[in-house]
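Chain naming here is simple, since letters A, B, ... match the order of the sequence lines and numbering starts at 1 in each.
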4 protein chains.
Amino acid sequence: VRPVAIVGGTLVDGTGHEPITGAVIVVENGRFSTVSRDADVPEHADVIDASGRYVIPGLMDANVHLSCVIPDDVLEYEGRYEERIEKAAQVALASGLTTAFDTWGHLDALIAVRDRINKGEVRGSRLFVAGNIIGFAGPLSSDFYPAGGLLGPATVERINTQWERGVGADLMWLTPDGVRRRVRDYVEGSTVDFLKYAASGHAQHRQFITFSAETQAAIVEEGHRAGLTVQAHTTTVESLRMEIAAGADILQHGNYTGPEPIPSETLETIVDRKLPVAAIITTREYFEWIQSHGPELMKVIYNRTQEENDQRLIDAGARLLLTTDAILLEDRQVEHPSLAPYVKNAPAVGMELGQAHFRWLEAVVERGMAPMEALMSATRYVAEAYGHGDDIGTVEPGKRADLVILEADPLEDVRNYRRITAVMKDGELRTGG
Amino acid sequence: VRPVAIVGGTLVDGTGHEPITGAVIVVENGRFSTVSRDADVPEHADVIDASGRYVIPGLMDANVHLSCVIPDDVLEYEGRYEERIEKAAQVALASGLTTAFDTWGHLDALIAVRDRINKGEVRGSRLFVAGNIIGFAGPLSSDFYPAGGLLGPATVERINTQWERGVGADLMWLTPDGVRRRVRDYVEGSTVDFLKYAASGHAQHRQFITFSAETQAAIVEEGHRAGLTVQAHTTTVESLRMEIAAGADILQHGNYTGPEPIPSETLETIVDRKLPVAAIITTREYFEWIQSHGPELMKVIYNRTQEENDQRLIDAGARLLLTTDAILLEDRQVEHPSLAPYVKNAPAVGMELGQAHFRWLEAVVERGMAPMEALMSATRYVAEAYGHGDDIGTVEPGKRADLVILEADPLEDVRNYRRITAVMKDGELRTGG
Amino acid sequence: VRPVAIVGGTLVDGTGHEPITGAVIVVENGRFSTVSRDADVPEHADVIDASGRYVIPGLMDANVHLSCVIPDDVLEYEGRYEERIEKAAQVALASGLTTAFDTWGHLDALIAVRDRINKGEVRGSRLFVAGNIIGFAGPLSSDFYPAGGLLGPATVERINTQWERGVGADLMWLTPDGVRRRVRDYVEGSTVDFLKYAASGHAQHRQFITFSAETQAAIVEEGHRAGLTVQAHTTTVESLRMEIAAGADILQHGNYTGPEPIPSETLETIVDRKLPVAAIITTREYFEWIQSHGPELMKVIYNRTQEENDQRLIDAGARLLLTTDAILLEDRQVEHPSLAPYVKNAPAVGMELGQAHFRWLEAVVERGMAPMEALMSATRYVAEAYGHGDDIGTVEPGKRADLVILEADPLEDVRNYRRITAVMKDGELRTGG
Amino acid sequence: VRPVAIVGGTLVDGTGHEPITGAVIVVENGRFSTVSRDADVPEHADVIDASGRYVIPGLMDANVHLSCVIPDDVLEYEGRYEERIEKAAQVALASGLTTAFDTWGHLDALIAVRDRINKGEVRGSRLFVAGNIIGFAGPLSSDFYPAGGLLGPATVERINTQWERGVGADLMWLTPDGVRRRVRDYVEGSTVDFLKYAASGHAQHRQFITFSAETQAAIVEEGHRAGLTVQAHTTTVESLRMEIAAGADILQHGNYTGPEPIPSETLETIVDRKLPVAAIITTREYFEWIQSHGPELMKVIYNRTQEENDQRLIDAGARLLLTTDAILLEDRQVEHPSLAPYVKNAPAVGMELGQAHFRWLEAVVERGMAPMEALMSATRYVAEAYGHGDDIGTVEPGKRADLVILEADPLEDVRNYRRITAVMKDGELRTGG
């Protein structure tokens, strides 16, 4: 294949360096070979004129859910979940996300699609997948959608075991060693990319701790032993502190601590150690809508304390990762009784795949994050936090050729992230809609 | 095809006449041509030796549900409900039911299988189908399984409309004429075999009346206008009286009247007019199990009053039809939370397709019905009540060649109905398992 | 006691006649003795100067619920429900309601307060009470608040029987004669003032019919036999037609027919026979609020069809009665999960005792009812419909001296009903707050 | 007051020493002054002849709930909970329990009754009370009975705050220091006798950890700082290990670990350190009934693993305390939907106050505990575990004169504990029923 040269644009390369105007970006074999203002364009290269445009690294979302979520989908698409994941991966890529980290979903289906994308058989965001959140039961359970009144135990178990893969809520009954063995089996029995465990509960169990300090340490050790990054779902100040102590690499929604603000000591640790916080941050517009229209339950999360946490994290210069919990949000998802109260008729919904990451960027800039920091939160920081900083996240020679070309400067106006003219992943260019 | 002659057996022909020993039954072109003790066997006929055996008409069940019932099945088999119906029709036929009347189910799927069986493409009981119970909402509703908390409105509506076919619970809002138009559309838009409407409610609505006298009359008229028999689901003394007044042809579970016994006047009308009562009657063993182990709700139905009604109906010589509400009852149905309380670990469960009709026969004989009357309740009476008395129900010349061969005399011991050696439907013989 | 003369005001006497300016209204022994423009004021009379003011008959509400409704109240006030009823009766009287018809509540407590008011021991609106709605179960049931998951059967039954008084939902199981006997016992066992029965269901059962035509006729007969008016709760076109056929004296919320408009034939009957329709009619403001903010369930009732029914009834000149379903609506009622969706943060809530009747008057005038007709709907028509037209409802000699003095003309601006300066009941005057 | 001498009986004094036949037990000023075979009876003493009888220390239950539990009672007895507690304390005393430790209930009411009993104003078991379980929400919450669908928020909060007293489930949101402050306020704001905190969740939350190690340590420290024993509710192997590490004095139902048996290491720690395990142990008869008749939820607790834990604890000689969770179990409690599945028609129900402790003793002996050890588990061990070993628990000079006189030897046949002829508490004798 011939090299491709993108020339004439302004490059914001994701390293935090000043933008380079009139940049020459040469892509060979799917990777950047030259990135420089002064470079020559190889003679035989295909040239893309980016004059007047802005080139940024491919965007990344540190937390999406591409497989089915609502029971309707979980039941209907059984046996062909991959269809939905492929569709979602395409929506994600088209909106500039060259890489997405799926932090909860149907492991087998996610892996199948991930591999198909990696082989080039299907277009879509590059995926890294965690499968189950260690310690959570499957989708038809009290952790998500209790279905035992409507569906029989055989159906419930059939579905849930596909998600749980041996690391479900029953792990809470076990000793640290018992959990360790289960996690090891999980890691060895699949090609999972990273681990996510529950440091605290979900749904109605949010204020509870799921695993003791010893068990958390065991889970992190098992992940690291296998060369995987480990993150924890956290929703309280203690589960946050515990996952840090356990050595978690990413603090998944570390900005959620219910009614109690993040303790200063914890915040300092986060800042000092540059611990990546995967923080779902909403625009003020959506936040205020939830305050006036949302259900009580959601106010446990989207409350003033969370907003305060967000502000303190930003002000203190904590390392934030673009994080959205985004799902493919079509009519049937919007109308579902579990989601409708949060999304129906709501403005700037945070969890809408394809839009969510733009809204996150708008939200953090709105809340005072420096534009260059926001860009890194959406690119390099995510790559580094997940241990892929050598391979992706910036536009530098040797890295995978993932980039997005914008019509206007995203550092000047954060809404310009939406003005995508082309997306390149692994050197393959996609233009138009 | 060559004629078939079944010779040497004792024939109980379903007319109520004395059994004929040494009977010669000749079948030609799917119908009985000769039935007599003295007849000659056609020379070229295939001869089946039934010496020492007993020949009875093919059995019939006036109320089965062959399509999916529990939400698990309704959701999982969508698009291929016919698979389940075919399986059920085969189970039914193998157990001696040459004809089954499906009184609630997925109309399109039932019709498809019915037609396939009639064409000989698939083996199975001959089916007559009603589709929806006029006035009931679909399976994912408060009439059956309220699913709106777990599933979104699109899913619920998609499923329910397949069952309701325009004659759902919203008919209760309409005038008699409004209901009449809907019923007419229903009849004209399909090849439904008979109509069933709700004279009273279901599930938590059992004590309510669904339709006024005028509306009930309109429904019956519409059915009759189209040449169809019309039956009504009834659960109270008033809905029973009202459906009789409306001209219903069959009183579907007319033996259920909650805590109030059937009024003597109503009972007299039933007996005098020989109104067919499709009565689910259980063995004493199951009845007592329900009293001691069953949930409170079920005691609204299987209570002492019902047992008293059953006894009075039998003692008064009311025309009862073998009726079981039977479904294909496999593990997942048994374990379903809606059914488990009635069937799990229970003896002589009434609703188990393939067993239910034997248990019904045992139950009525146990409660004092004459053995010959029991046999007619399971054959001729059902055929006549449904308007097919000229075609099926007895072993008489000119009728469809449906019969069952038993190892021992069912009039002597009702358990002998289970000792089937062969089943013939439309002249086609099936032996073995 | 000395006579009282109210002089100088403009009298709108409730008969429909033109207002009388400079009226002299003399009250003796609790009744009007003279009502005339030209009458002399008795010498020894106390004179009240009503110059510049407007005198109207005491207002009436054809449907209030003064005893406890929400489970919190039902449980907490057990044994002392009369406290709440007294409080409510005082709120009602202070807002100009000299008479209120309580159409569902705790019979014993209501009677006790009614009698105490009548004896003059307690101030409050004159009460007429129905006790239970014949055919409805008590407050802790599926007709209102199913409590069986939280409270034990003894508690549920203890409470419910206090409301049901032998004429609860179990009547649906009975024959017409069986129901008749129960109703007779109910009438004979108390000093109930009028009867109300369920022609259709409540809560989740709204589309169902409760009683057959024969049973409804029996209930009405029993009421009439005892000299009581009989009304029926109706929510569908058929239950409306049936209660008319049964001879009900008042059609309780006859304007509610779900999604199906009142048939023209039924509307004509209502108009021709001047059948009183007790219609809850809301202001457009509240109606539109419900459309945009209310829960789905309520849209079964407050829907476009209802609005259309209201308009057709008004346009056709049907006899409407001021009807509000009003309850004492304080913070804990407003916040209750069953009511909050209808009333919290809502404008012009229809069911707020003390405000509801003003809003009803505003609503009907807004929807085109002539001001004089509106006034009669709130006075004379109610009295007549309930069979008390000879005693109350207008300011005419011989009738009970119930009147309201307003600062400004209610016929000119319907909001002037709120500008009460004094309320007289049985000749006893109450001024101020 | 004159001394009392109980003479001639066989004394099993609770120390573990051989029984003393012909014992002379002298009681002066509410305490034992002399206990010896050879002692003289003071001349002026009242003599009680215990010849042929058996004298044991007053029995103790390490875990009862004397205040209201089911919502019906919680709501109905509001403002007069003390009535129920007094009744319960009398039932307890009459059945030989001279001391009861109430580990969850309405603190103010419990303290009031405790003090009234101590002052001699009311007869009843000596009470020591914990009030709320630190970390649990009140009775109308998801930790016990979620009532928010039926009752409004004002009612729910009004009730719950009476139980929670500032140390409810919201503590899970706090830091260790935040929890510490709340616990300190709780201790300082009342005369609570001991502390109980949740190491794991309740009801549907049983597998979750409530507090981190640091928070647990802070709670224990606060209790000890105030001179109180501290125990923890535990239901998993990890919460058990954590509460031991935190320094809890009593392991409340330390025998419950769900499906995972107690790890050997933990068991060794328990045995080596003689950590008191307050273990609810049921008779085999009840246990097997639950297996065949009980609901699924309860099998999380009363399962084969628990039975195995019980056996291992007994076999290893762990220090067990008689513990029953007993409540006043009358008809309305038995019929309550939350309890009926566990107690209705069940044999040897473990939680029936007045019977429960006898059944516990029968259960442990049945499972192999030495009779003398069983007696100490019901007396001295409880006293010591709760830090009152110097004052109560054995029949020794100087201790409070609490004893029970039995007709027959409880060491020979454990059922003899039921054959009580007299109960003495603080020197006061109660005979008869």
Trainee: Sort out for me which of B:Pro176, B:Ser239, B:Gly201 touches chain C most, counting heavy-atom pairs under 4.5 Å.
Mentor: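 Ranked by contacts with chain C, first place is B:Pro176.
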Trainee: Could you look at C:Ser200 and say if it's the side chain, the backbone, both or neither that has a heavy atom under 4.5 Å from chain B?
Mentor: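 Neither part, no heavy atoms under 4.5 Å.
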Trainee: How close do C:Gln204 and B:His205 get, heavy atom to heavy atom, and via which atoms?
Mentor: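 Result for this residue pair: O-CE1, 4.1 Å.
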Trainee: Mark yes when over 12 heavy atoms from residues, nucleotides or ligands other than C:Glu157 sit less than 6.0 Å from its CD; otherwise mark no.
Mentor: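 No, CD of C:Glu157 has 12 or fewer neighbouring heavy atoms, counting only those of other groups under 6.0 Å.
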Trainee: Describe, in one word, how the ring planes of B:Phe208 and C:Phe208 are oriented to each other, choosing from parallel (under 30°), tilted (30 to 60°) and perpendicular (over 60°).
Mentor: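 Tilted, since the angle between the ring planes falls between 30° and 60°.
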Trainee: Over all heavy atoms of both residues, which pair between B:Glu238 and C:Thr175 is shortest? Give the atoms and the distance, please.
Mentor: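 For B:Glu238 versus C:Thr175, the nearest heavy atoms are OE2-CA, 4.2 Å.
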Trainee: For B:Leu174 and C:Glu260, which heavy atoms make the closest approach, and how far apart are they?
Mentor: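 What the structure gives for the nearest pair is CD2-OE1, 3.2 Å.
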Trainee: To the closest 0.5 Å, what do you measure between CG (C:Asp170) and CD (B:Gln207)?
Mentor: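 C:Asp170 atom CG to B:Gln207 atom CD measures 9.5 Å (nearest 0.5 Å).
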Trainee: For C:Glu214 and B:Arg241, which heavy atoms make the closest approach, and how far apart are they?
Mentor: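 For C:Glu214 versus B:Arg241, the nearest heavy atoms are OE1-NH2, 2.9 Å.
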Trainee: What pair of heavy atoms forms the shortest contact from C:Trp173 to B:Val237, and how long is it?
Mentor: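 Nearest heavy atoms, C:Trp173 then B:Val237: O-CG2, 3.3 Å.
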Trainee: At a heavy-atom distance under 4.5 Å, which candidate from C:Ala213, C:Pro263, C:Pro259 has the highest pair count against chain B?
Mentor: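 Most heavy-atom pairs under 4.5 Å with chain B: C:Pro259.
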